[in-house]
Amino acid sequence: MGRGDLTDQEWARLESHLPKNVGRGGRWKSHRRVINGILFRQRTGVPWRDLPARFGKWKTVHDRHRRWSADGTWERILRAVQADADAEGRIDWSMVSVDSTCCRAHQHAAGARTAEPRTPGRRGQPGQHRSDEALGRSRGGLTCKIHLAGEGGRRPLAFVITPGQWGDAPQLIPVLERIRVPRPAGGHLRTRPDHLGGDKAYSSRRNRGYLRRRQIKHTIPERRDQRANRRRRGSAGGRPTGFDKTIYKRRNEVERTINALKGFRAVATRFDKRAYVFYGTVTVAAIRLWLRS
């Protein structure tokens, strides 16, 4: 076993959720070796062609990652791993925090074909395809942004990929809508945290109204201009928003989750041209964090 490869304990948690061989030909072989190759590229950020020979053909590793990113296999595996963790009581729902981080895009991430991609072996587009490829341009160059919801155990529950110049507040609702943890015994998915924390970038009437409708307690500081506008309107401005400094201290947990994600060099710097492939790259990194004890 090489450095960074799946341990026996991690493989035992993952193996049952992987696609099975069906029919003749043995389509999916060497799952463990191929996934270790994908994790090696995630951790080091090397080009696919430079993968060590111990992982087999580099194209096999690359094509499996691209295919599973396109057809949603990585996302289904993440949900299954989260369901196992929830059944074991390893998800801290008491405090879920939201935040975002910018990822600098490498020059090789630009220049994707204008033709819309297709899911290998199927009709239609990949589920996470974006026409803008989630690339934005700013004074720092090409950037991509990850909007993230992390639980108290410092692992990602859900995330959204957008261009780097997009704001944080409009993405709070899409991120929360993606929290969907299955229950092994069946029934409704777990979608609502006990408490939500976020910085003042998420303070908007739309977000607060959404959280109240879903009966989600939240601790989000009010921006100075919003506070002044509310006071200027008098009784029509509504009551002051509640804010608990003690609970707000736990918002550092999502920042530490982001730091753990960006410990993977292929996440910290985007090398993938297609947005759906980069979404799969971030999903694989999230799966690895969930597999750890």
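For the residue pair T101 and K262, a side-chain donor N or O sits within less than 3.5 Å of a side-chain acceptor on the partner. Defined by atom type and a distance below 3.5 Å, a donor-acceptor pair is present between the side-chain atoms of D84 and H17. Residues D244 and T219 have side chains that never bring a donor and an acceptor to within less than 3.5 angstrom of each other. Inspection of the Y276 and Q125 side chains reveals no N or O donor paired with an N or O acceptor under 3.5 Å. Checked by atom type, the side-chain pair R213/Y210 shows no donor-acceptor distance below 3.5 Å. Checked by atom type, the side-chain pair H195/S94 shows no donor-acceptor distance below 3.5 Å. Counted by atom type alone, R214 and T191 present one or more donor-acceptor pairs between their side chains at under 3.5 Å. Side chains of T281 and D272: a donor-acceptor N/O pair is present below 3.5 angstrom, by distance only. Using a 3.5 Å distance cut-off with no hydrogens or angles, the side chains of S97 and R250 do not pair a donor with an acceptor.
Within a 6.0 Å radius of CZ in R206, other residues, nucleotides and ligands contribute 12 heavy atoms or fewer. Dense packing is recorded around CZ of R183, with more than 12 heavy atoms of other residues, nucleotides or ligands lying under 6.0 Å away. Counting heavy atoms of neighbouring residues, nucleotides and ligands inside a 6.0 Å radius, atom CD of Q215 does not exceed 12 of them. Atom CZ of R180 has 12 or fewer neighbouring heavy atoms from other residues, nucleotides or ligands inside a 6.0 Å radius. Around the CZ atom of R137, the shell of radius 6.0 Å holds no more than 12 heavy atoms that belong to other residues, nucleotides or ligands.
Listed for the K20 side chain is a donor-acceptor partner under 3.5 Å among the backbone atoms of S16. Q82 places a side-chain N or O within donor-acceptor distance of the main-chain N or O of P156, the cut-off being under 3.5 Å. A donor-acceptor pair under 3.5 Å is absent between the side-chain atoms of H147 and the main chain of K145, judged by distance alone. R32 contributes a side-chain N or O that, together with a main-chain N or O of L6, makes up a donor-acceptor pair within less than 3.5 Å. At least one donor-acceptor pair under 3.5 Å links the side chain of R208 to the backbone N or O of I220. For the pair R265 (side chain) and V267 (backbone), a donor-acceptor distance under 3.5 Å is absent. Proximity of a side-chain donor or acceptor of N207 to a complementary backbone N or O of Y202 within less than 3.5 Å is detected.
You'll find the side chain of T73 reaches within 4.5 Å of the side chain of P19, heavy atoms only. You'll find the side chain of L135 stays beyond 4.5 Å of the side chain of P163, heavy atoms only. Proximity of D50 to T44: side-chain heavy atoms (C-beta onward) are nowhere separated by under 4.5 Å. Counting only heavy atoms from C-beta outward, the side chains of E133 and K273 never approach each other to under 4.5 Å. Within the 4.5 Å cutoff, the side chain of R154 has no heavy atoms near those of the N259 side chain. Looking only at side-chain heavy atoms (C-beta outward), V98 and V254 stay at 4.5 Å or farther from each other. A 4.5 Å side-chain heavy-atom check between L14 and L291 finds at least one atom pair inside the cut-off.
Remark: R288 fails to qualify as a cation-pi partner of W11 under the 6.0 Å distance and 45° angle criteria applied to the six-membered ring. A cation-pi geometry, defined here as NZ or CZ lying under 6.0 Å from the six-membered ring centre and within 45° of its normal, holds between R270 and F278.
Here the CD atom belonging to E10 is positioned 11.5 Å from the CD1 atom belonging to I35, to the nearest 0.5 angstrom. Between atom CH2 of residue W58 and atom CZ of residue R41 there is a gap of 11.5 Å, rounded to the nearest 0.5 Å. Rounding to the nearest 0.5 Å places OG1 of T283 at 8.0 Å from CZ of R79. In this structure, the separation between CD on E222 and OG on S204 is 11.0 Å, given to the nearest 0.5 Å. To the nearest 0.5 Å, atoms CG (D86) and CD (E151) are separated by 9.5 Å. To the nearest 0.5 angstrom, R66 atom CZ is 11.0 Å from W48 atom CH2.
Put simply, L176 and I91 are part of the same group of oily side chains (I, L, V, M, F, W, Y) that touch within less than 4.5 Å, one to the next.
Scanning both residues, E255 and D99, for their nearest heavy atoms gives CG-OD2, 3.7 Å. Residues R155 and L289 come closest through the heavy atom pair CD-O, 3.6 Å.
Ring geometry, W68 versus H31: the interplanar angle falls from 30° to 60°, so the pair is classed tilted. Taking the six-membered ring where the residue is Trp, W74 and H65 present tilted rings, their angle falling between 30° and 60°.
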Criterion ring-ring contact (aromatic ring centres under 6.0 Å, His included) on F271 and H108, from CA distance to verdict: CA-CA 6 Å; F271 300 101; H108 295 164; 7.9 Å; no
Pair D63-K59, salt bridge (charged side-chain N to carboxylate O under 4.0 Å, His left out): steps then yes or no: CA-CA 6 Å; D63 287 351; K59 188 166 178 56; 3.6 Å; yes
